[in-house]
Visitor: 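Sharing a structure, written as structure tokens. Questions coming.
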Amino acid sequence: MARFREVPIDVSFPTLERAVLARWNAEKTFEQSVAQREGQREYVFYDGPPFATGMPHYGHILTSYIKDVVPRYFTMRGFHVPRRWGWDCHGLPVEFEIEKELGFKSRADIVAYGIGRFNEACKASVLRYADEWRRIIGRLGRWVDFDHDYKTMDQSYMESVVWVFSRLNELGLIYEGAKVVPYCTRCQTTLSNFEARMDDATRPRQDPAITVRFRNADLPGESFLAWTTTPWTLPSNVALAVGPEFEYALMEKDGDAVWIGAATVGNYARELEGYVEKKRVLGEDLVGLRYQPLFPYFEGTPNAFRILPGDFVTTDDGSGIVHMAPAYGEDDNALCAAHGIEGPKPVQDDGTFDSTVTDFSSQHVFEANPHITQKLKEEHLLFRRETYDHNYPHCWRCDSPLIYRAIKTWFARVSEWKGRMIAANQKIRWVPEHIRDGRFGHWLDNSRDWAISRNRFWGAPIPVWRCQRAECGAIEVVGGSADVKARSGREVVDWHRPAIDAITWPCACGGTMQRVPDVLDCWFESGAMPYAQSHYPFEHKAEFEASFPGDFIVEYVAQTRGWFYTLVVLAAALFDDRPFKDVVCHGVILAEDGRKMSKRLKNYPDPMELVEQHGSDALRIALLSSAAVRGSDLRFSEGSVRDAVRRFCIPLWNTLHYFTAYANIDGFQPRGDLPSLPLSRLDRYLLSETESLRARVDEAMASYDFAACYDRIEDFIVLLSTWYIRLSKQRLWRAGMDEDKRTAYEVLHASLSSLAKVMAPFVPFLAESLHGALGGASDNSRSVHLEDWPAPRPEWLAEEIVAEMSAIRQVVRLARSIREEHKLKHRHPLRTVLIAGLPSGAIAHNLDLLADELNVKEVRALDEPEKHVERAVKLDYTRLGKKLRGDMKKVAAATAAGQYEVLEGGGLRAAGIELQPEDYSYRFAPRVAGEGVAAEEKLVVVLDLTSDPELIAEGQMRDLNRGLQDLRKKAGLAYADRVEIGVEASDALWAHIVAHEEWLKEQVLATKIARGSAEAPLAVEKIEVGDEQVLIALTRTEDA
RNA sequence: GGGCCCGUAGCUCAGCGGUCAGAGCAGGUGGCUUAUAUCCACCCGGUCGCUGGUUCGACCCCAGCCGGGCCUACCA
């Protein structure tokens, strides 16, 4: 009766995985794994929410795998690791989707449709992919709690966000200002400076660049040349700026004189053909000069139309003179404000000119560019027209080119607490490490005030109410629903617009307090996630404070300016702390061709089809053992997944198959009594490596080096499969169950059991199958994911055996290379091998192993290796380099040339310098080619190549055995099936067969060996035995 | 313009102040296998981007340059 669950050899990993999933679902294994750690140490993981406006792609899958491995690992290590799924619900991405669906062209369409209806549509849509996400993430084997998820649109979440805003306000970190900010004319809202850099929002664009004459108001024959790539800002021009330190040249030809930056004259070689430099002055000498406005629209602007000094002026591009439109440029705004100039704002919210700009009224600014250029040309004010390729920001969702525009916006005064953010960052552990002071550190250094309001609809409200009486304008900021109720007497039923807008209350002045209409930047909401998911500080106050900062987050590198950033901003302001302790930044997954994965190009395989083809664990291995987990980009190919199956899954599976099949034949039942068993050195080697694997994985996980974890596990599987099991076959194949055989089973069982646990976080499905199969015939054994991580077993470590085995494996390689060189088949036995250079005792310890592996009758120590090999001194460079310094070269040259003398009592002298025995060792190289000698490092192997009839006969028997085994397999026989054999052999060969009949019968489980073909054989084949072609046949013996 | 990362075999990537630079894949040859879709050995294949410097010793550290990627900037 089978005790171990039968493991089919022709496994389908995807099928296997589905069965495991079914069991996890049925037994609520995930829930148990979390619940059983209740009360133990917390390991706090924050789930960075995806925008669920589409289906998961490889990037999400990579993130998800890491978000699964780490919590699984720490759970097994004894931590309580709750994992709540998060949904990002608010913001432009969603609004934009809905606008598309409803066929809206502009913001006005939304208002006409009704904010309430629009937001209902947003709400209804955000979770439309939720079921698909849940299905896919579940299929991947990621354990995460979807039932207790958080959504940024939850009332509790929104109330915490409101609290965060009010808290910042109490700290004096919020203000309303009219700064120049990125603005989307289609969405009709401001964006934050970092949204303008999201993903590929900043990308090449071609714009017109024109150089314009501004005529000197007092000397009409002179003009100032200014260059701009935004002709649409020229109607709003109110000043020019020059670099006070730069030189400016007055260039003249035929009575036309133009001022231009001296360093930029070369930029205008063609236009300035024939012009002569008449004068050269410093910029500061031009300051104060007046010029005629280009357009008449704003002629009356006080203090305007003069030349101002600007420290931002460069001479890299353009003409060295910069035109100033304060409402549409940050520098312009600051400089003009400093000189008492208020700029006109003729551009309306939808990007069109208002009626003040009579010539271009109601034209969109980008549409107006050529018309403005044309008009300037007609008035002879256009000096040059060109096109300019530059990187230009676009709206990260609707893709419209942004403009910069002064607009009333609510700001978080980030520049004020930047220092605390920088300090907090120093306490964060980044993987890869360079992000901390590199990409992220520099980003923090450049932090500017954050425009947090959006003149939009679907988001958490700015919790600011303002008295509607213009002459009062009092402002109140609320920090939660209690604040609202205290003022208005009304409950907050929904923090969303328009419900929240409907709540008003009387101002002390008699006016009405009404909410300012803006909503918050959705990045503000995601930055508030640690607090808002717990409804802090309204609920779970103590739990939150005990669990903050979080232990671990992971997202892709671009979040350094997204979520990672907003988390740090808010945590530094609210708690003067880091929001998380450890963060892993993974890279971007590219298609195999090195380009971005593109649905349109179909340059990548569908993730779920791939998972159903090869299995999720294989995909997990491929992704997490790649450089992507170290922050690099990854060219993903299906081949890497196939490779993972071939290198990792199949060898492991076959190991398990072998173990269960033979253990069941033998009726092996583990007793767990290893310490009392006569462990062989091979057994101790495997146990030592088993323990080392655990330690190596722990070490790698301490630095979140997932790739190293997979490498170590794979190394172990190879060792297990190609060394331990292969060498144990003879032990396990023997009939009956002696103690040695049982020991082998116990060792294998212990090692595999440990392996199952160590693998569990990394290949959760395979580990579960492995663990389940080892647990016994009953399918009711506990999940491996409910087990504790293996405890250290220092008693399993056996360093000297590991070193010895590594030397033995080297000897085996050397012996094989000798056979290779001499075309001697491995099956052909040889008489003797001589070995030198092994650790003392190694030969005695491994006599049988060496004899088997090398297929020799006798293994002996080689006493005088010098007879077969040259001996060379191998210096310990690390030791000697430090000691000898400049003499190192002399000594190295002398010893390499064999010029040294061995000193009595150890040590040697070379180039007049004495070396201690620990300063060097010897290595060998074969002296004579063709002698059956191989050497490497200090090892020397000498194989006796001579043969004799007895050895030849044995070789033939092994050939025959091999052929018969092959035939058994081809005939589809079970391992324990008995057979009858027929052999058509020469007389000489037959005589050998007769001599070895018993051995052969035992090997191939034959009841009878006959000369000639059997009647109606089950299988027949012609094979090579020695030099002879032999026909073999077998028939299955009916069971007695 | 500035910053960060990268440049190692045909491909994907390890490595790292120490002797002769590695693995996997791909190609070739041979061998092993009573679990394996395996595996093993050997061959093929490298100016470790280039040039200097530091050092007894540099793929590794430093400087400069070339190439690629990512990020960034008030390219008006």
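The figures that follow rest on heavy atoms only: side chains count, while hydrogens, waters and symmetry mates do not. Here is how names work: the chains are called A, B, and so on, in the same order as the sequence lines, proteins then strands, and each is numbered from 1. Computed from a predicted model, the values in this text were never measured in an experiment.
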Visitor: On the nucleotide U34(B), are OP1 or OP2 found under 4.0 Å from the side-chain N or O atoms that Arg962(A) carries?
Guide: yes
Visitor: May I have all residue pairs that pass salt bridge (charged side-chain N to carboxylate O under 4.0 Å, His left out) and include part of residues 431-447 of chain A, sequence neighbours excluded?
Guide: none
Visitor: Determine the contact category for Thr878(A): base if any of its heavy atoms lies under 4.0 Å from a base atom, sugar-phosphate if only primed atoms, P, OP1 or OP2 are that close, otherwise nothing.
Guide: base
Visitor: My understanding is that only residues two or more places apart in sequence, or in another chain, count here; which of them pass salt bridge (charged side-chain N to carboxylate O under 4.0 Å, His left out) with Glu555(A)?
Guide: Lys67(A)
Visitor: Would one find a side-chain N or O of Arg827(A) under 4.0 angstrom from OP1 or OP2 of C32(B)?
Guide: yes
Visitor: Using a strict cut-off of less than 4.0 Å between a Lys/Arg side-chain nitrogen and an Asp/Glu carboxylate oxygen, indicate whether Arg712(A) and Asp715(A) qualify as a salt bridge.
Guide: yes
Visitor: Does Lys874(A) reach a base, just sugar-phosphate, or nothing at all? Heavy atoms under 4.0 Å.
Guide: base
Visitor: Could one point to a donor on the side chain of Thr233(A) or the base of A76(B) with an acceptor on the other under 3.5 Å away?
Guide: no
Visitor: State which residues pass side chain to side chain contact (heavy atoms under 4.5 Å, CB included) with Ser12(A); sequence neighbours excluded, sorted by chain then number.
Guide: Pro14(A), Thr15(A)
Visitor: Output all residues satisfying side chain to side chain contact (heavy atoms under 4.5 Å, CB included) with Ser769(A), sequence neighbours left out; order by chain, then residue number.
Guide: Leu16(A), Val20(A), Trp653(A)
Visitor: My understanding is that only residues two or more places apart in sequence, or in another chain, count here; which of them pass salt bridge (charged side-chain N to carboxylate O under 4.0 Å, His left out) with Arg726(A)?
Guide: Glu853(A)
Visitor: May I ask you to evaluate whether Arg561(A) reaches the phosphate of C71(B), defined as a side-chain N or O under 4.0 Å from OP1 or OP2?
Guide: yes
Visitor: Within the structure, does a side-chain N or O atom of Tyr662(A) lie under 4.0 Å from either OP1 or OP2 of A35(B)?
Guide: yes
Visitor: What string of B, S and - do you get for nucleotides 20-28 of chain B, 5' to 3', when a contact is any protein heavy atom under 4.0 Å?
Guide: B---SS---
Visitor: Write down the distance separating the C1' atoms in C44(B) and C56(B), rounded off to the nearest Å.
Guide: 36 Å
Visitor: Within the 4.0 Å limit for protein heavy atoms, which parts of nucleotides 6-11 of chain B are touched? Write it as a string from 5' to 3', B for base, S for sugar-phosphate only, - for none.
Guide: ------
Visitor: Does His323(A) reach the main-chain N or O of Ala239(A) with its side chain, forming a donor-acceptor pair under 3.5 Å?
Guide: no
Visitor: Listed in order of residue number, which residues of residues 318-325 of chain A have a non-hydrogen atom at under 4.0 Å from RNA chain B?
Guide: Val322(A), His323(A)
Visitor: By the 4.0 Å heavy-atom rule, please label Ile435(A) as base, sugar-phosphate, or nothing.
Guide: nothing
Visitor: Under 4.0 Å from OP1 or OP2 of A35(B): is there any side-chain N or O of Thr655(A) that close?
Guide: no
Visitor: Who passes side chain to side chain contact (heavy atoms under 4.5 Å, CB included) against Val431(A), sequence neighbours left out?
Guide: Val584(A), Tyr704(A)
Visitor: Under the side chain to side chain contact (heavy atoms under 4.5 Å, CB included) rule, collect the residues that match up with Ala700(A), sequence neighbours excluded.
Guide: Asp705(A), Ala708(A), Cys709(A)
Visitor: Which stems does RNA chain B form, counting runs of 3 or more consecutive Watson-Crick or G-U wobble pairs with both distances under 3.5 Å?
Guide: B:1-7 with B:66-72, B:10-13 with B:22-25, B:27-31 with B:39-43, B:49-53 with B:61-65
Visitor: May I ask you to say what Arg642(A) touches in the nucleic acid, namely base, sugar-phosphate or nothing, with a heavy-atom cut-off under 4.0 Å?
Guide: nothing
Visitor: Quick one: list whatever passes ring-ring contact (aromatic ring centres under 6.0 Å, His included) with Tyr920(A), sequence neighbours left out.
Guide: Tyr922(A)
